[in-house]
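Worksheet: one structure, shown below.
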Protein chains: 2
Amino acid sequence: MRHASFDGAGGCYIEAALEVIADKWKGVILYHLLDEPKRFNELKRSFPELSHRILTRQLRELENDGVISRKIYPEIPPKVEYSLTDLGRLLKPTLLSLEGWGVKYVETTRYLRNCQLDKAE
Amino acid sequence: MRHASFDGAGGCYIEAALEVIADKWKGVILYHLLDEPKRFNELKRSFPELSHRILTRQLRELENDGVISRKIYPEIPPKVEYSLTDLGRLLKPTLLSLEGWGVKYVETTRYLRNCQLDKAE
DNA sequence: TGAACTAGTAACACTTGTGTTACTGGCGCA
DNA sequence: TGCGCCAGTAACACAAGTGTTACTAGTTCA
């Protein structure tokens, strides 16, 4: 499903961006990394519903896409820290913009839902 | 996979926003509607790889989410026009921000790809 | 001694999303 | 008469994404 190339026609860059951040957990993972690096289990604790395995994969994909970097401390027990790369940090305004719209969306649909309830009664 | 509710904790609003716009074609469809309403087949012609059926479904879902509206002109042959709702128009800065980051992402990864080629040679 | 911590990997099942094909009906045109 | 236009729907196949379970190794703590 990945595009091999992007010529920028017709909003292709939007597709490119969404391919990177739009998987189920990636947006939220990036959001949690916006301000500070986090360790693997630190992230895992942030998302109790997210399994070990899936977190690993999402992190690995984000790493391959160049938006986060993985730093391994050669300690026992192992310590691995995930942080945004320069490219990842550029996502901050975009993510905040998404969040802002998300608030409006949730408010609006909640309103619409209430309206439908009103009609139903 | 849809969330029933969003309490806003930990970037949940980002998830909410992504659930609306992040399906394969939705970002691009919205992008094409940013400036003017479009007819069904007009959109279809913009995406030759996108099948009739899929376009219908993506449009229907966007409509259910309240970001686009569907206006039927009772003519023969039928005319159906899709345009952004108020909520949809609020997405404009977000989509442009995504596009901007997409450009940087594509440039960066192209650069990285070149580097790997350099190494391989 | 055995459990829990760290950060993983491998094999598999399940769910969702995407796409294909064939069909609808009223009209214009050759 | 038969084709294409318009905007769809229905039934189905297939690919991708998500999630579950069981496993790894070295260390610390009870």
Side-chain angles (χ1 to χ4, degrees), chain A residues 1-4 12 14-30 32-33 37-65 67-83, chain B residues 1-4 11-12 14-30 32-33 37-65 68-83:
Chain A
M1 234 167 75
R2 286 239 155 182
H3 281 234
C12 260
I14 289 189
E15 270 191 85
L18 287 175
E19 275 181 6
V20 177
I21 68 163
D23 280 356
K24 186 168 178 190
W25 298 94
K26 288 184 182 171
V28 214
I29 290 171
L30 290 170
H32 277 252
L33 292 175
K38 293 253 168 82
R39 297 180 59 173
F40 183 88
N41 271 10
E42 212 172 341
L43 284 168
K44 195 169 169 325
R45 265 178 250 114
S46 306
F47 317 110
E49 307 154 42
L50 174 52
S51 81
H52 199 107
R53 158 102 170 100
I54 301 296
L55 178 58
T56 307
R57 279 197 9 194
Q58 306 269 301
L59 287 170
R60 209 62 80 247
E61 288 174 19
L62 287 170
E63 195 192 352
N64 290 338
D65 284 329
V67 291
I68 67 173
S69 69
R70 179 158 165 267
K71 186 171 180 185
I72 304 167
Y73 295 83
E75 301 173 359
I76 298 289
K79 176 178 173 184
V80 179
E81 219 174 53
Y82 293 90
S83 57
Chain B
M1 235 167 72
R2 288 238 152 183
H3 281 233
C12 260
I14 288 189
E15 270 190 84
L18 286 175
E19 274 180 7
V20 177
I21 69 163
D23 280 355
K24 186 169 178 191
W25 298 95
K26 287 184 183 171
V28 215
I29 290 171
L30 290 169
H32 276 253
L33 292 176
K38 293 254 168 80
R39 297 180 59 173
F40 183 88
N41 272 10
E42 213 173 340
L43 285 168
K44 195 167 171 323
R45 265 177 251 116
S46 306
F47 317 109
E49 307 154 42
L50 173 53
S51 79
H52 199 107
R53 158 106 169 96
I54 302 296
L55 178 57
T56 306
R57 277 197 10 195
Q58 305 269 301
L59 287 170
R60 209 61 82 248
E61 287 173 21
L62 287 170
E63 194 192 351
N64 289 338
D65 284 329
I68 66 173
S69 67
R70 179 160 165 266
K71 187 170 180 189
I72 303 166
Y73 294 84
E75 299 173 4
I76 298 289
K79 177 178 172 183
V80 179
E81 220 175 51
Y82 293 91
S83 58

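Order of the sequence lines sets the chain letters (A, B, ...), proteins ahead of strands, with each chain counted from 1.
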How many Å lie between [atom1] on [X] and [atom2] on [N], as a whole number?
X	N	atom1	atom2	answer
B:K24	D:dA15	NZ	P	13 Å
A:L18	C:dG17	CG	P	15 Å
A:E49	D:dT20	CD	P	10 Å
B:F47	C:dT18	CZ	C1'	16 Å
B:I29	C:dG17	CD1	P	15 Å
B:K44	D:dC6	NZ	C1'	12 Å
B:L55	D:dG8	CG	P	9 Å
B:E75	C:dG28	CD	C1'	15 Å

Does OP1 or OP2 of D:dG17 have a side-chain N or O of A:W25 closer than 4.0 Å?
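Answer is no, no contact under 4.0 Å.
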
Below 4.0 Å: OP1/OP2 of D:dT18 and any side-chain N or O of A:Q58:
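Yes, because at least one side-chain N or O of A:Q58 sits under 4.0 Å from OP1 or OP2 of D:dT18.
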
Mind checking whether [X] and [Y] have side chains closer than 4.5 Å, heavy atoms only?
X	Y	result
B:E49	B:F47	no
B:W25	B:D23	no
B:L50	B:L43	no

Using the ring of each side chain (for Trp, its six-membered ring), is B:F40 parallel, tilted or perpendicular to B:H52, with breaks at 30° and 60°?
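Ring orientation, 0 to 90° scale: tilted.
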
Mapping A:R57 and B:R57 onto DNA chain C by nearest heavy atom, which one lands closer to the 5' end?
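On the 5' side of the pair lies A:R57.
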
Out of B:I68, B:N64, B:I54, which one pairs with B:L59 under the side chain to side chain contact (heavy atoms under 4.5 Å, CB included) rule?
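That would be B:I68.
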
Only one of A:E42, A:R70, A:H32 forms a side-chain hydrogen bond (donor to acceptor under 3.5 Å, both in side chains) with A:Y82, so which one is it?
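Per the side-chain hydrogen bond (donor to acceptor under 3.5 Å, both in side chains) rule, the option paired with A:Y82 is A:R70, out of A:E42, A:R70, A:H32.
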
Could you run through nucleotides 4-9 of chain C and give me one letter per nucleotide, 5' to 3': B if any protein heavy atom sits under 4.0 Å from the base, S if only the sugar-phosphate is that close, - if neither?
--BBBB

How long is the gap from NZ on A:K26 to CG on A:L18, to the nearest 0.5 Å?
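Between A:K26 NZ and A:L18 CG, I get 11.5 Å after rounding to 0.5 Å.
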
